[in-house]
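Input: a single structure, listed below in structure tokens.
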Amino acid sequence: MTGDQDIIILGIESSCDETSASICRNGEVLSNIIATQSIHTAYGGVVPELASRAHMQNIVPVVDDAIRNAGITLQDVDAIAFTQAPGLIGALLVGAGFAKSLAISLHIPVIGVHHMQAHVLSNLIEKPVPEFPFLCLTVSGGHTQIVLCRSPLDLEILGETIDDAAGEAFDKSAKLLGLPYPGGPLIDKYAATGNPEKFQFAEPQIEGLNFSFSGLKTSVLYFLQKEVKQNPDFIQQNLHDLCASVQHTIIKILLKKLKKASLETGIRAICLAGGVSANKGLRSALQEMAIKYHWQVHIPSFEFCTDNAAMIALTGYHYFLNGKFSSLRTSASARATW
Ligand code: KG4
Ligand code: ZN
């Protein structure tokens, strides 16, 4: 049942390889349907053209499921929020085109949402929500950022990667270890029974709150080349220790900057977002930091960490409350500042 005063937002996410739709009523998520495109696994990474085609196939059934699971009808929807940027342009255009067409037919407004802003606000989906202001470490396959969030629409990037993202560091290292894409979850799995101190890899010396991960990949590559030359079975014999050591290095790099950001801003409400926040090593290291530095840590459930439309619908809701709508002439963009 929906009341006259309710604000109902349909959210659509299609920036990479997940087609997702969600319904949010007055800031509460009623449904969150995610269709993951498994076709990319065979190619060792996301193939943009295939992603666009899969979005085209998935978008209608996914939106239909989101509407039905929420127990509403299309006529109840007050606005459609869609991921406008950043992402794969062909993939984004499917979501943008669909959102605008549906909005015209329903005579309702559209709201273009910034994907990275939505990742930060995924922390507001589940109760108890973190107190403002909070710091959010967003770690995904495409991005690594530390964001200061003063209110839902007042966000500031304090630091970000100057080359590879944390997820890429996991995936590229995994590839060097002979693991299939996406390698992040496999590194996590093998690391659980490995020695994180066994091997040492290069840590970047970057000023301020920015990150760099490309040196780590090179360090892993040269180390493996040297060892495999002497012992062709080196990777197989040391897989768990290698995974644990790579993971340990990535976590150290991330948490060093997060600690710096907390000290500089005096903010101890700390949030995580993005696919890499599923990493068990990162989660437990963060909990240890929470005890040591009196942080209040908030980590969304996994379905809201990876790409999802619930975060788009919720961000759209806050735009709606502030009267911020997009023109129907608006399009998508592969890159965009906030
Ligand atoms: O946020 P996400 O689902 O998609 C975007 O990139 O936007 O993040 C995907 C990334 C991949 O690099 C994947 O390897 C990584 O998150 N990932 C993990 C884990 N689960 C997913 N990395 C490390 N440990 C995990 N458990
Ligand atoms: Zn994402």
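All ligand and atom numbering here is 1-based and tracks the order in the structure.
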- Can a salt bridge be assigned to the pair Lys260 and Glu264 using a cut-off of 4.0 Å between side-chain N and carboxylate O? yes
- Message: Taking Gln296's backbone N and O only, do any of them form a donor-acceptor pair with Arg268's side chain (distance below 3.5 Å, no angle check)?
- Response: no
- Is Lys257 reaching over with its side chain to a backbone N or O of Asn210, donor-acceptor style, under 3.5 angstrom? yes
- First-shell residues of ligand 1 [heavy atom, distance under 4.0 Å]: Ser140, Gly141, Gly142, Gly167, Phe170, Asp171, Pro182, Gly184, Pro185, Asp188, Gly274, Gly275, Val276, Ala278, Asn279, Thr306, Asp307
- Message: Checking His298 against Glu126: is there a side-chain donor and acceptor pair closer than 3.5 Å?
- Response: no
- Message: Is a donor from one side chain sitting under 3.5 angstrom from an acceptor on the other, for Gln84 and Thr330?
- Response: yes
- Message: Could you tell me if Asn195 and Asp241 have a donor-acceptor pair between their side chains, going purely by distance under 3.5 Å?
- Response: no
- Item | Gap separating the CG atom of Leu216 from the CG atom of Asp164, nearest 0.5 angstrom | 9.0 Å
- Spell out the protein N/O/S atoms under 2.8 Å from the Zn ion (ligand 2) as residue plus atom name. His115 NE2, His119 NE2, Asp307 OD1
- Counting N and O atoms only, with roles assigned by atom type, does the side chain of Asp163 sit under 3.5 Å from a partner on the main chain of Phe213, one being a donor and the other an acceptor? yes
- Are Gln145 and Thr138 linked by a side-chain donor-acceptor pair shorter than 3.5 Å? no
